[in-house]
Structure formats: C-alpha cells, structure tokens
2 protein chains.
Amino acid sequence: MSSRKPHPRAGLDRDEIVAEAIRIVESEGSAALTMRQLSARLGVNPNTVYWHVGNRESLLSAIVAQKADEIAGVQLKGSTPRARVADGVHRARAAIVESPSIAVLASEIGAEHLLIRPLAVAITSEIEAAGADGLDAGIATVSLLAVVAGLTTVELRRPQRAADGPAPEALSDGAWQGLTDFDHHDAAFDVAIYAILDAVFPSG
Amino acid sequence: MSSRKPHPRAGLDRDEIVAEAIRIVESEGSAALTMRQLSARLGVNPNTVYWHVGNRESLLSAIVAQKADEIAGVQLKGSTPRARVADGVHRARAAIVESPSIAVLASEIGAEHLLIRPLAVAITSEIEAAGADGLDAGIATVSLLAVVAGLTTVELRRPQRAADGPAPEALSDGAWQGLTDFDHHDAAFDVAIYAILDAVFPSG
DNA sequence: ACCTGAACACCGTTCAAGT
DNA sequence: ACCTGAACACCGTTCAAGT
C-alpha cells in the first residue's frame, strides 16, 4: 500500500498512447476520446500526452493511419486481376464494418482517403497490370472506392437511422425496403462493384 | 448614443436562428458554429438559442434537413427514366460540391443520408416506374447514391490533401494522377454511375 | 411565451518549472 | 529527454428567475 507520489518517469511511448486511444474509441466512441480522459487512463498528466503526440488532431490521424495499414496489409486473393480487385474492395468493406468507430472517426476528421489509400494503390496496380491505361486504372479505382466509402459511411450510423419514418406514398413497400433496410446493402454493394468491374474488365 | 439595456424581447424565431447558423457554417466552417458564437452574432443570450432550437445536435440536423430540401426541390429533367435518374445524381453531386461546408457538417454528424434521402425517393420511384421490381429499384438507388456520397466525401477535404506525397513505385505516373487528381473525379463519377445505369436499364 | 444571469462540469492548449 | 502544476480561453448545458 505504498503510494506516496507516482513515478517521476512514466516510461510512456507514442505507440502505447495511440493503442490506448484506439481502445477508448472502439469501446466508447470517438467523442469519449479527450486528451484529459486519455491521460487519466494512462495515469499521467495531460501534458505528457501532448509531449508525445503533439495535439489531438495528429493523434486522430495516427489512429486512422494505423487502421489503414491493417486494411492494406493483406495479399489480395484470386486467380485473375478482376477477382483480386473484387477481393480487395470486399476486404475494405469488411474491415470498415468491423471497426465502425474508427471509420466514423475517420469521417469526422475527413480522413477517409487516408483509411483507404494503401489499398487504393494495390488495386490500381492490379488493374494497370491487367493491361489498362494508367490514368484509366486510377480513375476506375476511385470509382470503386467511392462505393466502399459511400456505402459504409451511410451504413455506419445504424442506431441513428431506425426512426426514419414510414414509406412515402410515391414508393412501394419493396422499394422502401431496398432503400432503407441494411440487409440489402451487401446486394447494393455488389450491384455497383460488379457493374464497374464489368466496365473495367470487359472480357469477364 | 442611448443604449441603457438591450431589448427585453428579441423577437427571434427558429428559422432566423437556423439561417444565421448556415451563414456561419458557410463562411467560417462547422467548427466555428458554437452556441455561444451564434447567440453573440444574434445579439442574444445563449439560452435564447437553446429555448428555440433545443440543443446543438438538433440545430445541426435542422441545417442539414434544409439543405436536403433544396437539393430535392427540383424536377428531374430528361425524356427517359434513365436520363432523369442520371440528371438526379448529377444534380446531387453538384449541390454538394456547391455547399461543401454543409456537406462536411453532414458527414461530421453522420447525417449524409438525411442530405440525400428526399432525392433518393425521387430516383427510386423513377426506376420503379420504368418497370423494375421495387426492391431492385431501392437497391439500385442505394448503389447510385453511395457513389455520390463516397466521391464527394473524399473530395470535400481538398485543402487537407495537397501534401500527400509522390507516386509509390508500384504505380505509373498516370495511374497516380487518376487516383489523386481531382480533375478526374467527374470522370470517375461517370464511370461508376453509367456502369450502374447500364445494369439497371439494360436497353440503353 | 420568451428571455436573461449565474453557474456547473467540462474541453484543448500553453507556459514555466522540475529532474 | 520526459514529465508535472497551474492557468488561459474557451465549450455545451441547466437552473432559477424575470416580464
């Protein structure tokens, strides 16, 4: 029971701080990640955190960047370029859905592109290697990843969307269901992705 | 020079408050919209704003909802359903690019769907009227609007993206350009949109 | 019904100082 | 190099009170 004064040197490093920050975001959401709360959890003065990470903005960027590396750090699977690209976008979607609070964080600070960038490079080089013009390959990747970003962005706010009201008169019940029910988002994803892939890889 | 005590009744109403809030967001960005700043601009006690709008969250929702009505409040133009749907998505993209700070605000509070919802209803009913199954029409609309949301979301943070670094070795210069240069985003948008439209309206 | 004054419980960040 | 204490200039929100 000896605790006169806490350690004069905490021995913290930047990675530990980022790791604890990620834990907070994943368990309590991005709003719970305050510099003061974070430092309290680490048993440290707020200024210690500032010394290591600079400021809140760069801490958030570090969180997003680490998640981005996780997403891209896997080999794309498939026997054709088209299959590997399809694998890549599905992987990206799965990763984002699995860590919704990090993805929400990315969208709050406008860093969706950071989250997806490493994967974008892999996909573009795959399309280019299949014989497409470089510029076209880049453009195709942007449209594929727009689908990933757009769909998951909308979908991440699930709890906020329940009470959206009944179907407008202009629409059939089925149409309203397709529009609002998350169960059909995988289908919407595939509609968009394979439509684009068909345009990019005409030979199927 | 007579100013003993300001007006005992400000005569404010909710719409004026929302209008001033929009002015702040459009001229100084969403971070500048604080309850205290807003009330100061209106020459009023902060609690007056609270009395009218409830809290900050619902003020932000009101801003997004008003913008959504503007986007959807136009008749879709074109002689075929396919053309009218294409017009709708281009209109949505243009509207969002025109008011980037409002769109950023929507993404910060996770209300992109509110921004797009009224238009989504119009587009879905257009596809359904063309003979598609209701559920399929809803799903197709979700994929179309995912492209709108995804692309504009990434693109809205223009100033933050300049210093992203040079092309990775895996990519040609052209590919890197297609991936990062905003000048090609309209092309990426059309690639995705028309690919999906081709799948939805097979007869061209 | 509409508005104010004062206060609570927080923030991010900086500065000077300690070891 | 690494860390603390104290302070500055803010927040959103609530409560009691005034007309």
Side-chain angles (χ1 to χ4, degrees), chain A residues 2-22 24-25 27-64 101 104-106 108-111 160, chain B residues 2-22 24-25 27-64 101 104-106 108-111 160:
Chain A
S2 68
S3 62
R4 341 263 161 105
K5 280 278 165 188
H7 9 73
R9 184 137 308 199
L12 261 187
D13 86 337
R14 208 188 131 97
D15 288 346
E16 295 177 56
I17 293 175
V18 173
E20 183 65 32
I22 290 178
I24 293 175
V25 171
S27 66
E28 286 152 67
S30 62
L33 179 61
T34 69
M35 302 301 270
R36 290 170 123 106
Q37 269 294 324
L38 172 59
S39 58
R41 287 241 214 167
L42 292 165
V44 125
N45 187 287
N47 301 329
T48 303
V49 174
Y50 275 89
W51 195 90
H52 282 288
V53 305
N55 57 23
R56 187 166 191 267
E57 179 85 7
S58 65
L59 173 63
L60 300 189
S61 295
I63 293 174
V64 172
S101 32
V104 167
L105 178 86
E108 281 169 355
I109 65 170
Q160 294 178 21
Chain B
S2 67
S3 60
R4 340 260 160 106
K5 280 280 163 188
H7 10 72
R9 185 136 307 199
L12 260 190
D13 85 338
R14 208 188 131 97
D15 288 345
E16 295 177 57
I17 292 175
V18 173
E20 182 66 31
I22 290 179
I24 292 175
V25 170
S27 65
E28 287 152 67
S30 62
L33 179 62
T34 69
M35 302 300 270
R36 292 171 123 105
Q37 268 294 323
L38 173 58
S39 58
R41 286 240 214 168
L42 293 164
V44 125
N45 187 287
N47 300 331
T48 304
V49 173
Y50 275 89
W51 194 89
H52 283 288
V53 304
N55 57 23
R56 185 166 192 266
E57 178 86 7
S58 65
L59 173 62
L60 300 188
S61 295
I63 292 175
V64 173
S101 33
V104 167
L105 179 86
E108 281 169 355
I109 66 170
Q160 293 178 22

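Treat the numbers as computed from the prediction; the structure is a model and nothing was measured.
- To the nearest angstrom, P of C:dT14 lies 8 Å from CG of A:Asn55.
- Not one side-chain nitrogen or oxygen of A:His52 sits closer than 4.0 Å to the OP1 or OP2 atom of D:dA1.
- Counting to the nearest Å, the P atom of C:dC2 and the CG atom of B:Leu42 are 16 Å from each other.
- Distance check, rounded to the nearest 0.5 Å: CH2 of A:Trp51 to CG of A:Leu12 gives 11.0 Å.
- As rounded to whole Å, 18 Å separates atom P of C:dA16 from atom OH of A:Tyr50.
- For the P atoms, the distance linking C:dA9 with D:dA9 amounts to 23 Å, nearest Å.
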For nucleotides 7-10 of chain D, tabulate all protein N/O to nucleotide N/O atom pairs closer than 3.5 Å, reporting atom names and distance.
none

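- In terms of heavy atoms, A:Leu38 sits closest to A:Ala21 at CD1-N, 3.9 Å.
- One finds the OG atom of B:Ser101 at 12.0 Å from the CD1 atom of B:Ile24 (value rounded to the nearest 0.5 Å).
- Atom CG of A:Leu33 is separated from atom CD of A:Gln37 by 9.5 Å, given to the nearest 0.5 angstrom.
- Atom P of nucleotide C:dT13 and atom CD of A:Glu57 are separated by 9 Å, given to the nearest angstrom.
- Of the possible polar contacts, one joining the B:Asn55 side chain to the B:Ser58 backbone as a donor-acceptor pair under 3.5 Å is found.
- Distance, A:Met35 CE to C:dG12 C1': 8 Å, rounded to whole Å.
- Distance A:Gln37 CD to C:dC11 P: 6 Å, rounded to the nearest Å.
- When each of C:dA1, D:dT4, D:dG12 is scored by its nearest atom to the side-chain atoms of B:Trp51, the top-ranked nucleotide is C:dA1.
- The two residues B:Val49 and B:Ser39 come nearest to each other via the heavy atoms CG2-CB, 3.7 Å.
- Side-chain proximity of B:Thr48 to C:dC3, D:dT13, D:dA1: nearest is C:dC3.
- If you measure from atom CZ of A:Arg14 to atom P of D:dC3, you get 15 Å, rounded to the nearest angstrom.
- Taking atom CG of A:Asp13 as the reference point, atom P of D:dC2 lies 10 Å away to the nearest angstrom.
- Pairs engaging residues 41-56 of chain A under the salt bridge (Lys or Arg N to Asp or Glu O under 4.0 Å) rule: A:Glu20-A:Arg41, A:Glu28-A:Arg41 [sequence neighbours left out].
- Listed here is the closest heavy atom pair of A:Ala111 and A:Val64: O-CG1, 3.8 Å.
- Note that the CG atom of A:Leu59 and the CE atom of A:Met35 stand 6.0 Å from one another [nearest 0.5 Å].
- Base-pairing analysis of DNA chain D finds the following stems of at least three consecutive Watson-Crick or G-U pairs, with both pairing distances under 3.5 Å: C:4-8 with D:12-16, C:12-16 with D:4-8.
- The side chain of B:Asn45 lies closest to C:dT4, out of C:dT4, D:dT13, D:dC3.
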